[in-house]
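Below: the structure, in structure tokens.
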Amino acid sequence: PNFVGQSNIALSLDGVDDGVSVQTPTASLQLGTNITMCAWVNVTGPLVGTYATILIKLQTDPSPLSYVMALNVANGNPYVGYGDGRNYSAPTGIGISNGWTHLAFTHNGTVGTWYVNGLFSSATTNAPIHRYGNGPLLIGRYVDLQNYFNRFPGQLDDIGLWSRTLSQGEIQGVMTNGMVGTEPGLVSCWNFDDGTANDLTTNANHGQFMAGATTTSRSASGASFSTTLASPGGYSITNVLAGEYNIWAYRDSNGNGNTEPWEAYGTYPASPLTVTGNMANINITLQDPASDSGGDGVTDYDEIYIH
């Protein structure tokens, strides 16, 4: 599938001193009981120190912090902390080999929940944020370059902060379609598509690039899901990300796991198909290919497997 959140323009960080600063944020960023944080992340360099900062909101300048979203350097696990011992980690490690990954964290006042690529990852019962303040919000680095919350080495995109707890379906929608800035409860979001760190919402929490941070264009990347059947019949594929898919199947006649031009092949006629949840009755009819490399009127498939 193609995801809006994985196309257009992204924030590019060198992992040394780059970042974005919202130096005088509005009160809208003083998140409280019900929250959602989300971001696309792409690690392109080694994680250094203790935490690789995705975003961090300070109570005062330069400390203490109100909330932080980061990657744990020791294991790559996504992490949210509130600066008061209330911490939440997802068990899924994110590193260079993962490419673009969508992270979302929600809190409903009691339970903090992580979603990775739109799928449930973990839930922890703990209290919500209770430290606020007017300190700056930073993206990709901490204010004084100390060695606890370190710089993020790679790219960040579609960063969103919400004053409500999004459902899993809503998170999948944001992951697939991005944000326009007018969604209910969205207090700030940055998609960098215009080459700036401007906030798309009316709260105007605009950021400034720091120490050479810049933006980079990138094309959409995709994901694929598959299954193998011993013979024609019913099938199911689980944990499929929401998105638009081209659906096809083939008969692996020689059992090598690859599609050969002479093997029977079929495409689902409704492709591309928008997948948003459980779906059924996706039937595919395979057709013998008509390729005739010998030009003798007998198809390659017939020559190899019949004659």
Side-chain angles (χ1 to χ4, degrees), residues 5-26 28-31 37-74 76 78-81 83 94-96 98-103 133-161 179 187-201 203-218:
Q6 285 185 270
S7 59
N8 301 321
I9 305 295
L11 175 66
S12 180
L13 306 169
D14 64 5
V16 178
D17 55 4
D18 289 357
V20 168
S21 173
V22 180
Q23 196 61 37
T24 55
T26 68
S28 63
L29 294 185
Q30 296 179 10
L31 302 180
M37 308 178 187
C38 67
W40 279 103
V41 305
N42 182 26
V43 178
T44 61
L47 302 177
V48 178
T50 307
Y51 293 99
T53 305
I54 298 171
L55 64 88
I56 188 167
K57 173 66 170 66
L58 303 178
Q59 183 176 356
T60 57
D61 190 356
S63 62
L65 67 86
S66 291
Y67 51 86
V68 59
M69 184 182 195
L71 297 181
N72 189 324
V73 170
Y79 164 88
V80 161
I94 307 298
I96 294 176
N98 293 96
W100 281 100
T101 304
H102 190 264
L103 302 177
N134 298 316
L137 179 139
L138 298 111
I139 297 172
R141 59 167 266 175
Y142 190 39
V143 64
D144 61 359
L145 297 181
Q146 49 95 334
N147 292 321
Y148 195 69
F149 293 112
N150 299 270
R151 281 66 67 201
F152 186 91
Q155 298 172 318
L156 300 172
D157 200 8
D158 274 13
I159 299 171
L161 295 173
M179 296 163 284
V187 298
S188 283
C189 68
W190 303 268
N191 69 5
F192 311 104
D193 285 348
D194 63 355
T196 75
N198 286 344
D199 178 8
L200 298 185
T201 75
N203 291 320
N205 288 299
H206 301 318
Q208 299 295 321
F209 295 123
M210 305 171 66
T214 185
T215 57
T216 182
S217 61
R218 58 194 178 89

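What you see is a predicted model, and the numbers here were worked out from it, not measured in a lab. For reference, positions follow the sequence shown, starting with 1.
Here the closest heavy-atom approach between residue A10 and residue W100 is recorded as CB-CH2, 3.9 Å. Of all non-hydrogen atoms in A52 and P153, the two that sit nearest each other are CB-CD, 4.3 Å. Across all their heavy atoms, L11 and F209 have their closest contact at CD1-CE2, 3.6 Å. Of all non-hydrogen atoms in I96 and P46, the two that sit nearest each other are CD1-N, 4.3 Å. The two atoms that bring T216 and Q155 nearest to each other are CG2-NE2, 2.8 Å, heavy atoms only. For the residue pair D18 and S12, the shortest heavy atom distance occurs at OD2-O, 4.0 Å.
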(request) Assess whether side-chain contact (heavy atoms from CB on, under 4.5 Å) is satisfied between L156 and I54, documenting all intermediate values. (result) CA-CA 8 Å; L156 300 172; I54 298 171; 4.2 Å; yes
(request) Determine, stepwise, if the pair V20 / M210 fulfils side-chain contact (heavy atoms from CB on, under 4.5 Å). (result) CA-CA 5 Å; V20 168; M210 305 171 66; 5.8 Å; no
(message) side-chain contact (heavy atoms from CB on, under 4.5 Å), that's the test. Do V73 and T50 meet it? Break it down for me.
(response) CA-CA 5 Å; V73 170; T50 307; 5.6 Å; no
(request) Test side-chain hydrogen bond (donor to acceptor under 3.5 Å, both in side chains) on S188 and D199 and set out the steps. (result) CA-CA 6 Å; S188 283; D199 178 8; 2.9 Å; yes
(request) Please step through side-chain hydrogen bond (donor to acceptor under 3.5 Å, both in side chains) for the pair Q30 and N134, ending with a clear verdict. (result) CA-CA 8 Å; Q30 296 179 10; N134 298 316; 2.9 Å; yes
(request) Dump the intermediate steps for side-chain hydrogen bond (donor to acceptor under 3.5 Å, both in side chains) on N205 and N203, then the final yes or no. (result) CA-CA 6 Å; N205 288 299; N203 291 320; 5.6 Å; no
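Counting heavy atoms from C-beta outward, R151 and V16 have side chains that stay 4.5 Å or more apart. Within the 4.5 Å cutoff, the side chain of Y67 has heavy atoms near those of the L137 side chain. In this structure, the side chains of L58 and Y142 come closer than 4.5 Å at one or more pairs of heavy atoms. Contact annotation: the side chain of I159 never approaches that of C189 to less than 4.5 Å [non-hydrogen atoms, C-beta and beyond]. Contact of the V43 side chain with the F152 side chain is registered, since non-hydrogen atoms from C-beta on lie closer than 4.5 Å. Side-chain atoms of Y79 and V68, non-hydrogen and from C-beta on, do get closer than 4.5 Å to each other. In this structure, L200 and N191 have side chains that are in contact, with non-hydrogen atoms separated by less than 4.5 Å.
Checked options N98, D157, L103; the residue passing with V41 is L103 (criterion: side-chain contact (heavy atoms from CB on, under 4.5 Å)). When each of L161, L138, L29 is checked for a side-chain contact (heavy atoms from CB on, under 4.5 Å) with K57, only L29 meets the rule.
A donor-acceptor contact shorter than 3.5 Å is absent between the side chain of R141 and the backbone of G19. The main-chain N or O of I9 is found under 3.5 Å from a side-chain atom of D193 such that the two form a donor-acceptor pair. Remark: the backbone N or O of V187 is paired with a side-chain donor or acceptor of T201 at under 3.5 angstrom.
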